[in-house]
There are 2 protein chains.
Amino acid sequence: MTPRAPEPRSRRERPAKPALTHETIVAAAVRLMAAEGLRRVTMRRLAQELDTGPASLYVYVAGTAELHAAILEELLGEVDLTPADGDGDSEGHGDSDWRDRLAQVLLSYTRVLFDHPGLAHSALLARPAGPHYLALVETVLALLHQGGVPDGQAAWGVDVLLQVATATAAEQSGRAGDQDAEDEHNRLVEALRQASSRTHPRIAALGGDLASGTPQQRLAWIFRAVVNGAATTPR
Amino acid sequence: MTPRAPEPRSRRERPAKPALTHETIVAAAVRLMAAEGLRRVTMRRLAQELDTGPASLYVYVAGTAELHAAILEELLGEVDLTPADGDGDSEGHGDSDWRDRLAQVLLSYTRVLFDHPGLAHSALLARPAGPHYLALVETVLALLHQGGVPDGQAAWGVDVLLQVATATAAEQSGRAGDQDAEDEHNRLVEALRQASSRTHPRIAALGGDLASGTPQQRLAWIFRAVVNGAATTPR
DNA sequence: ACCTGAACACCGTTCAAGT
DNA sequence: ACCTGAACACCGTTCAAGT
């Protein structure tokens, strides 16, 4: 435990203090999120990470909302769009249904949100306008087109599909690891189970089925149901 | 402008300092929200409103999340469930389609969320377990039952319907009045319109239709599409 | 012209100490 | 036993003042 003289800053213990630009700030934000979660990606914490004061960030980003939208757009690059091109895997059923391929893409999107706690939540509010988001929209539209869904219905349907995927991810992702949220959900399940058949006949009739299924099973059904609805409901 | 001696506290300028209970705290929170919006309903601000310190509130409410859930449950009492019982209006088409009546109920729900900025946002995260929420679920289930939707599909469908309604309200409600959010949306619309037909053929093909329609028109279609999907998609 | 220290106006939550 | 003052550890955003 011999004390050592502090190494000079020029030997840079950190990856070097990067120049401040919109790009380097967003990159640092993505790193910080991976390390500590979106909740910790605040203007102040990020400024600290970048060895500067919070005011300096405002020269390059409009505020917290824009920052979170930029992170989302960046992470959307992780969504696997390849299932849309035909067989994405090696199992040989190359002409799998367009519905399955669409579900695979949406599931990949959901997983990206789910893997980054807080991101889904932010995705519900901020609709990014970057290339990764456009690519996702294009892919979903192409699959709906392939399935013969009329244009007008596809145009409105893509929004619903992404919305439902996002909301589901937010719900699940908000719950995981959060004891309070878990408790709250259990209270709801309990309330549904306890409902009197006199005052709430339908809830009582359905019983535990209201909360049945794994998240995966529910999500798979939801995607199918919404796609079917969009495909068959004229505007 | 003659200065007056301060009135003695006992004459109580405020509605009287209410005893602290879960109930009085939630009631004060609802009042505060009506007056200043959900954003201002913080533990500290609420404590100030109740003439006490924030620590005192923690004896009766678990924290901010529970508080917001309680406000939501309270406000859900404003949802108009009467359309479910038959003709809710005086125009004489008493046997209107169950789909229309369902849409009316969901629209009322959406409007309640929309009228209270921030509430929809909170509704996406907190699923309340109180009587008003149960009544809403029961009503939607009853209408789906009336429409002959199979039980299992109704059980999972009610969630999707409320989720879609909530998410749509959050999106619209977040945008209204917020210049930044408005700008962000316009940037997305612009990006969709600018998309090259070479790299994004489907987006280009659909053009402005991706962002077409009023929120009301879109929501009406969404409800119909999701109901149709849930009604026709087996689990 | 460009950047930022310091301030303003807030937060949620806890716990030791009081009544 | 019940309640709470005061503290801890943070926030977003702005703007006057510096370089």
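By convention in this document, chain letters (A, B, ...) are assigned in the order of the sequence lines, proteins followed by strands, and residues within each chain are numbered from 1.
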| field | Euclidean distance, atom CG of residue A:L46 to atom P of C:dT4 [Å, nearest integer] | value | 14 Å

| query | In whole angstroms, how far is the P atom of D:dC11 from the NE2 atom of A:H68? | reply | 11 Å

| Are the aromatic ring centres of B:H121 and A:H121 under 6.0 angstrom apart? | yes

| remark: note: B:H22, atom NE2; D:dC2, atom C1'; distance rounded to Å ~ 19 Å

| task | Would you mind reading off the distance between B:R40 atom CZ and C:dG12 atom C1', rounded to a whole angstrom? | result | 16 Å

| task | Could you tell me whether a side-chain N or O of A:T168 sits under 3.5 Å from a main-chain N or O of A:V164, the two making a donor and an acceptor? | result | yes

| message | Counting Watson-Crick and G-U wobble pairs with both distances under 3.5 Å, what is the dot-bracket string for DNA chain D, 5' to 3', using [ ] for crossing pairs and | for pairs to another strand? | response | ||.|||||...|||||.||

| said: I need the CG-P distance between A:L20 and C:dA1, as an integer number of Å. | reply: 21 Å

| task | Check the angle between the aromatic planes of A:W156 and B:W221 and answer parallel, tilted or perpendicular using the 30° and 60° thresholds. | result | perpendicular

| note | Exactly one candidate in A:V30, A:T52, A:L67 meets side chain to side chain contact (heavy atoms under 4.5 Å, CB included) with A:I25; the answer is A:L67

| note | Atom CZ of B:R39 and atom C1' of C:dC11 are separated, to the nearest Å, by 13 Å

| task | From the options A:T82, A:L81, A:D80, A:L136, select the one residue that forms a side chain to side chain contact (heavy atoms under 4.5 Å, CB included) with A:S108. | result | A:D80

| field | Passing candidate, side chain to side chain donor-acceptor pair (under 3.5 Å) with B:E190, options B:R187, B:R193, B:Q194 | value | B:Q194

| query | Which of the following nucleotides, D:dC11, C:dC3, C:dT4, is nearest to the side chain of A:R45? | reply | D:dC11

| request: Find the distance A:Q48:CD to D:dC11:C1' and express it as a whole number of Å. | output: 13 Å

| Reading nucleotides 13-19 of chain C 5' to 3', which nucleotides get B (base under 4.0 Å from a protein heavy atom), which S (sugar-phosphate only), which -? | BBB----

| query | Could you give the distance from OG (B:S56) to CE (B:M43), rounded to the nearest 0.5 Å? | reply | 10.0 Å

| message | When the P atoms of D:dC10 and C:dA9 are compared, how many Å lie between them, rounded to an integer? | response | 23 Å

| Less than 4.0 Å between a side-chain N and a carboxylate O, is that true for B:E49 and B:R31? | no

| Heavy-atom check, side chain of A:T110 versus side chain of A:Q172, under 4.5 Å | no

| request: Write down the distance between CG (B:D51) and P (D:dG5), rounded to a whole number of angstrom. | output: 11 Å

